[in-house]
Protein chains: 2
Amino acid sequence: MKYTYTHPRPSVTVDCVVFGLDEDDLKVLLIERDVEPFQGCWALPGGFVLPDESLEDAARRELAEETGARDVYLEQLYTFGRPDRDPRDRVITVAYYALVKMSSHTLQAATDARNVAWFSLNDLPTLAFDHDEILQMAHQRLVGKVRYQPIGFELLPEKFTLTQLQRLYEIVLDRPLDKRNFRKKILSMNILMETDEIQQDVAHRAARLYRFDHARYRKLTREGFNFEI
Amino acid sequence: MKYTYTHPRPSVTVDCVVFGLDEDDLKVLLIERDVEPFQGCWALPGGFVLPDESLEDAARRELAEETGARDVYLEQLYTFGRPDRDPRDRVITVAYYALVKMSSHTLQAATDARNVAWFSLNDLPTLAFDHDEILQMAHQRLVGKVRYQPIGFELLPEKFTLTQLQRLYEIVLDRPLDKRNFRKKILSMNILMETDEIQQDVAHRAARLYRFDHARYRKLTREGFNFEI
DNA sequence: CCAAAAGTGTTTCACTTACACCCATGA
DNA sequence: TCATGGGTGTAAGTGAAACACTTTTGG
């Protein structure tokens with residue numbers, strides 16, 4: 001082999017783009033850096049990969065440590081390795097994106113007390129390193145994937161109304177959807193389980209609550225069904 | 001920051017899954033390892049990322065050095081980082097996949113004289129490390145992507161017949177397509193440029209040759225066109 | 001003249017789209 | 001009783017799928 005194990009090694013980090021859904025906006029979770037470089041800048045949560053953990057384990061650990069988010073949907077996005085992307089040293093970062101149920105996750109401040117906050121995608125601060133590029137790619141991936149994989153549910157509470165689900169798609173895809181057609185389509189897929197509960201504390205007729213039926217979805221998928229909005 | 005730059009660093013490599021298309025088969029390019037571990041085993045071409053090159057540069061360099069392939073379609077696939085994926089040491093590999101025009105690329109043997117060969121996907125040898133997993137993922141990605149991005153053309157010669165194009169999709173998607181419907185659809189996209197040449201040296205009516213019109217495709221894409229087979 | 005692949009249209013069916021009103025509830 | 005969203009069906013249009021024969025060429 002031409003290059004041996006004694007060659008200079010880069011550092012390897014993981015960074016996470018955490019998406020959450022608000023009443024009317026897609027949000028990203030950022031942390032404020034308290035060390036140079038980019039001190040005071042907002043950045044994606046992330047950190048070094050430890051010797052004995054997998055990349056995904058590293059991402060989940062950093063996410064939990066820095067934001068308190070656990071048990072979230074997590075998927076590898078892309079690996080960024082421009083030689084000069086970190087001004088100090090060669091750092092290759094494996095980026096992940098996560099989808100969290102904002103409503104149920106009350107975020108803990110980072111263990112090391114850094115500032116953590118949600119930002120609307122339309123109103124982002126300047127980000128450290130190439131994190132803006134990473135974020136944009138994650139957003140593109142989400143928009144592309146939400147239409148043909150049932151990952152949108154990860155952004156909603158366990159039980160949700162059809163209107164909430166429709167809003168989710170309208171926000172992520174950034175275009176209005178027809179109410180009747182949307183309901184017809186999503187219900188005809190047979191991947192929603194109607195609960196016997198209804199919305200609480202609304203000043204109008206309460207809507208029925210549904211939940212995503214994972215088992216049913218897996219079964220249908222095995223039989224050749226393809227999710228698509 | 002909790003972990004510093006002095007933490008143990010993994011090695012980082014790139015590996016390439018190179019696809020080519022035969023008369024009737026999808027093929028992968030493999031090299032025979034001449035060092036331990038997995039000496040004598042077939043493996044994906046790849047190697048260490050040098051300190052001052054990007055990941056994609058590293059992939060292209062290794063590809064050229066080990067197989068002679070240049071100017072190919074190359075796309076990052078996924079990053080594999082199980083702590084024990086290399087028996088000697090922690091090695092994280094950034095996998096790429098490449099699509100090459102087998103007809104026009106005469107492969108050179110590797111610079112370091114290792115054995116290089118094409119294998120049919122249906123008749124693979126045992127592969128080193130987790131390379132089989134990488135290969136399977138690359139194959140899945142290709143199958144998934146070929147339908148909605150015009151990357152299939154990268155596997156054909158510059159000029160090709162509609163039948164060749166149809167065969168390509170039939171092989172990659174592993175199902176028969178209807179000739180008339182296929183032609184209607186692909187021609188109606190307006191992304192093929194009809195040449196004034198025809199197939200040579202065939203013992204039957206010679207078919208018209210077409211080429212993929214990149215400029216036209218980009219223009220249509222900007223206008224909202226979506227490729228889909 | 002035979003073998004082999006090139007080339008070509010129409011009908012059917014399924015799915016998508018557009019569209020508007022009444023109902024239930026809480027304030 | 002009013003404001004607010006919940007819930008529902010039909011018709012028209014568009015795109016996908018099924019399907020078979022004639023033409024061209026070289027051997």
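Small disclaimer: the values here were computed from a predicted structure and weren't measured. Chain identifiers are assigned alphabetically (A, B, ...) following the order of the sequence lines, protein sequences preceding nucleic acid strands; residue numbering begins at 1 within each chain.
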*Asks:* Return a single string for nucleotides 17-27 of chain D, one symbol per nucleotide in 5' to 3' order, where B is base contact, S is sugar-phosphate-only contact and - is none, cutoff 4.0 angstrom on heavy atoms.
*Replies:* BBBB--BBBSS
*Asks:* Measure from CD on Glu228(B) to C1' on dC15(C) and round the result to the nearest Å.
*Replies:*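 Atom-to-atom, Glu228(B) to dC15(C), this comes out as 14 Å.
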*Asks:* Restricting to pairs with a member in residues 122-132 of chain A, which pass salt bridge (charged side-chain N to carboxylate O under 4.0 Å, His left out), not counting sequence neighbours?
*Replies:*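 Non-adjacent pairs meeting salt bridge (charged side-chain N to carboxylate O under 4.0 Å, His left out): Arg85(A)-Asp130(A).
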*Asks:* Could you pull out all residues at least two apart from Gln140(A) that satisfy side-chain hydrogen bond (donor to acceptor under 3.5 Å, both in side chains)?
*Replies:*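 Gln140(A) satisfies side-chain hydrogen bond (donor to acceptor under 3.5 Å, both in side chains) with no residue once adjacent residues are dropped.
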*Asks:* Which residues satisfy the side-chain hydrogen bond (donor to acceptor under 3.5 Å, both in side chains) test with Gln199(A), sequence neighbours excluded?
*Replies:*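 Gln199(A) satisfies side-chain hydrogen bond (donor to acceptor under 3.5 Å, both in side chains) with no residue once adjacent residues are dropped.
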*Asks:* If I take atom CG in residue Leu192(B) and atom P in nucleotide dG7(C), what distance separates them, rounded to the nearest angstrom?
*Replies:*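 Distance, rounded to whole Å: 13 Å.
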*Asks:* Measure from CG on Asp201(A) to P on dG6(D) and round the result to the nearest Å.
*Replies:*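 Atom CG in Asp201(A) sits about 15 Å away from atom P in dG6(D).
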*Asks:* Do other residues, nucleotides or ligands put more than 12 heavy atoms under 6.0 Å from Glu158(A) CD?
*Replies:*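 Incorrect, the count does not exceed 12.
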*Asks:* Just how far, in rounded Å, is P of dG6(D) from CZ of Phe182(A)?
*Replies:*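 It is 12 Å, rounded to the nearest whole Å.
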*Asks:* Can you tell me which residue pairs pass the salt bridge (charged side-chain N to carboxylate O under 4.0 Å, His left out) test with a partner in residues 171-190 of chain B, sequence neighbours excluded?
*Replies:*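 The answer is none; no pair qualifies.
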*Asks:* Less than 4.0 angstrom between a side-chain N/O of Arg183(B) and OP1 or OP2 of dG7(C), yes or no?
*Replies:*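 Yes.
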*Asks:* Over how many whole Å does the gap from Arg167(B) atom CZ to dA6(C) atom P extend?
*Replies:*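 For the pair Arg167(B) CZ and dA6(C) P, the rounded distance is 12 Å.
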*Asks:* Mind checking what makes side-chain contact (heavy atoms from CB on, under 4.5 Å) contact with Phe119(B), not counting sequence neighbours?
*Replies:*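 Expected list: Leu30(B), Trp42(B), Ala117(B), Leu124(B), Pro125(B).
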*Asks:* Under 4.0 Å between a side-chain N/O of Thr163(B) and OP1 or OP2 of dA5(C), yes or no?
*Replies:*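 For Thr163(B), the contact criterion (side-chain N or O under 4.0 Å from OP1 or OP2 of dA5(C)) is not met.
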*Asks:* For the pair made of CG in Asn226(A) and P in dC15(C), what is the distance, rounded to whole Å?
*Replies:*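 It is 13 Å, rounded to the nearest whole Å.
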*Asks:* How long is the line joining CD of Gln164(B) and P of dA4(C), in whole Å?
*Replies:*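 Rounded to the whole Å, the gap is 19 Å.
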*Asks:* Using whole Å, report how far CD of Glu194(B) lies from C1' of dA6(C).
*Replies:*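 Going from CD in Glu194(B) over to C1' in dA6(C) covers 13 Å.
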